[in-house]
Amino acid sequence: MTVRFHAAYAPLLVLAGVVGLLAVFLGAPPAWLLIWVGLLLPLLALVARWSPVRSGAVAASLGVSAVAVWPVPLMWGKASWLEACGAAAFWAVPALGALAAGGYLRRQASRMRQAVRDGRRDQQLELARDLHDFVAHDVSAIVVQAQAARFVADTDPEQAVRALERIEAAGLGALASMDRTVHALREAAGARSASVPGTSELPELVERFEGGVLEADPAAARELSREADTTAYRVAVEALTNVRRHAPGAAVVRVRLHRVAEGIELSVANSAPARGAGGLRGLGLRRRSGTGLAGLRGRVEAAGGTLRAGASADGGWRVRAVFPAQEHILG
């Protein structure tokens, strides 16, 4: 209904312009003509703001012409053609000003719509990254545990049962992550209103990781900003996922969250993998998807921190992210 109403502005302006011009040439009183011009100016602005481009351009041309030439017939025989042209140019100024005002509002509305579209696209990309970072960790765990269970099923059924239990836990974790993402997609206010995991969930994350050891300082975690807290958890998820993919033979993976001189440090370090289990060279830093550690680097830097990854002295791999303490941010 609103679109149809807006589409009527151009025909209404054409009708008003034609009727007004006929009244001008038929000798209507100047007072009535001024009232008619006063009605045409807001119509010009409305056409420039709402009407389709083609019909709006035709109607606007007629409207500007009507406003510009209305005093010309009144000046016949009383002024020179130069004075008549000057009067037409004078009255064309408010008509063009009305078009400019409507065009400005139209442009601003177009920019706002584009900003909304960009925001929605960024939100969708953010949710896609969340789905990858959080679900990929649990899916990788399911794959590794299933492979382990297959190898020990005949010789050690008890270990196979434990592997199945870990597969169940990882599957439930993946479902929970997917539920959070779907909930964020359904939220009218956007993903910000959905629950976003942070460092408070590190114990549960590390507990699901075989060989994982967590050393977390609660006081240090409280000094992280909300953005840094979420990013730190994301770094831990991605680092643990890459350990499962590239170093399944690592016996120990140590996750630490503590205070250092530079701020708050989150580090994920694994021991050297067992011989023949695969190495860690180039871990996650050259992945084509852009959602691994290389993709996290920009997010960490956006939160004011730094991200480093490289081989450790014992032959393993270490990922280290340092974020500024919240007191430094506020200061």
Validation row: Val319, Asn242 side chains within 4.5 angstrom (heavy atoms): no

Short side-chain to backbone donor-acceptor contact, Asp217 and Leu257, under 3.5 Å: no

Contact summary for Pro71 and Ala87, nearest pair of heavy atoms: CG-CB, 4.3 Å

Within 6.0 Å of CD in Gln114, more than 12 heavy atoms from elsewhere: yes

salt_bridge(Arg320, Glu265) N-O dist < 4.0 Å: yes

Taking every non-hydrogen atom, the tightest pair across Ala153 and Ala160: CA-CB, 4.0 Å

Donor-acceptor under 3.5 Å (Ser55 side chain, Ser51 main chain): no

Whether over 12 other heavy atoms sit under 6.0 Å from Arg117 CZ: yes

Under 3.5 Å: donor-acceptor pair, side chain of Gln108, backbone of Leu105: no

Pair Val53-Arg106, side chain to side chain contact (heavy atoms under 4.5 Å, CB included): steps then yes or no: CA-CA 11 Å; Val53 176; Arg106 188 188 193 108; 4.2 Å; yes

Test item: Thr241 side-chain N/O and Val237 main-chain N/O as donor-acceptor pair under 3.5 Å: yes

ring-ring contact (aromatic ring centres under 6.0 Å, His included) pairs, two or more places apart, involving residues 51-71: Trp70-Trp91

Straight-line distance of Gln147 CD to Ile142 CD1, nearest 0.5 Å: 12.0 Å

Val18 reachable from Val69 in the ILVMFWY side-chain graph, under 4.5 Å edges: yes

Linked, directly or transitively: Val37 and Leu33 (ILVMFWY side chains, under 4.5 Å): yes

Value rounded to 0.5 Å, distance of CZ in Arg162 from CD in Gln159: 4.5 Å

Smallest separation among heavy atoms of Pro42 and Gly38, with atom names: CD-O, 2.8 Å

Any Arg222 side-chain heavy atom under 4.5 Å of Leu224 side chain: no

Other residues, nucleotides, ligands: >12 heavy atoms within 6.0 Å of Glu207 CD: no

Note, Val268 side chain near Val235 side chain (heavy atom, < 4.5 Å): no

Cluster overlap Val58 with Val67, hydrophobic side-chain contacts below 4.5 Å: no

side-chain contact (heavy atoms from CB on, under 4.5 Å) partners of Val252, counting only residues at least two apart: Val213, Arg254, Ser271

Check: Arg299 side chain, Thr231 main-chain N or O, donor-acceptor pair, under 3.5 Å: no

Euclidean distance, Phe323 CZ relative to Glu262 CD, rounded to 0.5 Å: 13.0 Å

4.5 Å side-chain heavy-atom contact, Leu34 and Trp32: no

Side chain proximity check, Val253 to Leu240, heavy atoms < 4.5 angstrom: yes

Separation between CD of Glu201 and OG1 of Thr230, rounded to the nearest 0.5 Å: 9.5 Å

Side chain to side chain contact (heavy atoms under 4.5 Å, CB included) between Leu266 and Val255, worked out: CA-CA 7 Å; Leu266 172 81; Val255 180; 4.1 Å; yes

Leu46 side, atom CG; Leu41 side, atom CG - distance, nearest 0.5 Å: 11.0 Å

Val322 vs Ile264 side-chain heavy atoms within contact, under 4.5 Å: no

Atom of Leu40, atom of Ala16 and distance for their closest heavy-atom approach: CD2-CB, 3.7 Å

Which residues share a side-chain contact (heavy atoms from CB on, under 4.5 Å) with Val64, sequence neighbours left out: Leu44, Ala95, Leu96, Leu99

Charged N-O contact under 4.0 Å between Asp118 and Arg121: yes

Side chain to side chain contact (heavy atoms under 4.5 Å, CB included) evaluation trace for Leu62 with Leu13: CA-CA 8 Å; Leu62 178 61; Leu13 178 59; over 6 Å; no

Where Ala236 and Leu202 come nearest, the two heavy atoms and their spacing: CB-CD2, 3.7 Å

Closest approach of Leu21 to Ala66 (non-hydrogen atoms, all atoms of both residues): CD2-CA, 3.8 Å

